[in-house]
Amino acid sequence: LLTPLVQRFVSPAPALAGTLVLMGLSSLAALAPLGMHDPVGLIAAITVMTVSGSVFMTTASQLLITSAPEEHTGSATAVQDVFAGLGNAAGMAFVGSLGIAVYRAVLETGAPAGLDPADTQSAQGSVGAAEAVAESLGGEAGQALMEAVRPAFTLATQTTFVAAGLIGAALALVVALRLRGTEYTH
């Protein structure tokens with residue numbers, strides 16, 4: 001519903017660059033509520049990120065498909081679909097790998113002293129795995145492990161939001177420069 005409104009008043013380059021900037025800013029805005037454990041603020045930031053991403057994807061798809069000759073629109077649609085899927089998967093893999101690397105590194109240095117190395121390694125797999133290890137340890141050792149997990153997970157998540165924001169800003173610049181003067185075709 002928002003995309004036609006944006007396209008009515010804004011040409012493709014600023015529309016695409018603007019939505020990327022909005023995605024990046026909302027990604028960075030998610031840092032504050034995440035650190036303060038404010039779910040409403042986090043949901044609001046992620047909602048803005050998602051809605052602006054939807055406008056970006058719809059506008060980019062329409063621009064790509066309508067720029068192809070009429071007899072090749074089926075092929076253009078297929079190419080767009082495949083590359084959108086690959087781009088989404090690669091982006092999530094990159095950001096997810098970055099997040100888990102930060103989580104593991106922070107947990108390795110912040111794990112309670114005296115924790116069995118096998119337990120530390122298990123806890124580095126995921127927050128759920130850490131919770132299972134903490135539950136099996138019980139008592140103060142389990143509580144100490146969870147106290148180390150929380151900041152590790154928070155920093156990992158914040159790092160992924162910063163990476164997403166910086167990637168969005170860089171892509172916005174590329175799009176704004178490369179698509180300057182482009183108009184919609186219908």
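Predicted model, so just to flag it, every value in this text is computed and none were measured.
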Quick one about Glu108 and Gln121 (side-chain donor to acceptor, distance below 3.5 Å, no hydrogens or angles considered), yes or no? no
Pair Ile46, Thr50 - check side-chain contact (heavy atoms from CB on, under 4.5 Å), show working. CA-CA 6 Å; Ile46 291 173; Thr50 303; 4.0 Å; yes
Would you list the atom pairs, donor with acceptor, under 3.5 Å between side chains in residues 133-151 and any protein atom, with sequence neighbours excluded?
from, atom 1, to, atom 2, distance (Å)
Ser136, OG, Val133, O, 2.8
Arg150, NH1, Met146, O, 3.3

Under a single-linkage definition using a 4.5 Å side-chain heavy-atom cutoff for Ile, Leu, Val, Met, Phe, Trp and Tyr, are Val51 and Leu5 assigned to the same hydrophobic cluster? yes
Should Leu98 and Leu31 be counted in the same cluster of Ile, Leu, Val, Met, Phe, Trp and Tyr side chains packed under 4.5 Å apart? no
When rounded to the nearest 0.5 angstrom, what distance separates CD in Gln62 from OG in Ser67? 10.5 Å
Does some side-chain heavy atom of Gln7 sit less than 4.5 Å from a side-chain heavy atom of Val10? no
Going hydrophobic residue to hydrophobic residue with side-chain gaps under 4.5 angstrom, can you get from Val106 over to Ile100? no
How about CD on Glu71, more than 12 heavy atoms from neighbouring residues, nucleotides or ligands closer than 6.0 Å, or not? yes
Can Phe94 and Ile167 be said to form a side-chain contact (heavy atoms from CB on, under 4.5 Å), step by step? CA-CA 11 Å; Phe94 170 75; Ile167 291 167; 3.7 Å; yes
Could you check Tyr103 against Val127 for side-chain contact (heavy atoms from CB on, under 4.5 Å), going step by step and ending with a plain yes or no? CA-CA 9 Å; Tyr103 171 76; Val127 173; 4.1 Å; yes
Here the pair of heavy atoms bringing Ser54 nearest to Thr3 is O-OG1, 4.4 Å
Side chain to side chain donor-acceptor pair (under 3.5 Å): pairs with one or both residues in residues 77-87, sequence neighbours excluded: Ser61-Gln80
Mind checking whether Leu115 and Leu107 sit in one hydrophobic cluster, side chains of I, L, V, M, F, W, Y counted as touching below 4.5 Å? yes
Shortest non-hydrogen contact from Val162 toward Leu28: CA-CD2, 3.8 Å
Are Phe9 and Val6 linked, directly or through other ILVMFWY residues, by side chains that come within less than 4.5 angstrom of each other? yes
What's the spacing between Leu64 CG and Thr59 OG1 if we round to 0.5 Å? 12.5 Å
Atom pairs and distances, side-chain donor-acceptor, residues 13-27, under 3.5 Å, sequence neighbours left out:
from, atom 1, to, atom 2, distance (Å)
Thr19, OG1, Ala15, O, 3.1
Thr19, OG1, Leu16, O, 2.9
Ser26, OG, Leu22, O, 2.9
Ser26, OG, Met23, O, 3.0
Ser26, OG, Met49, N, 3.3
Ser27, OG, Phe161, O, 2.5

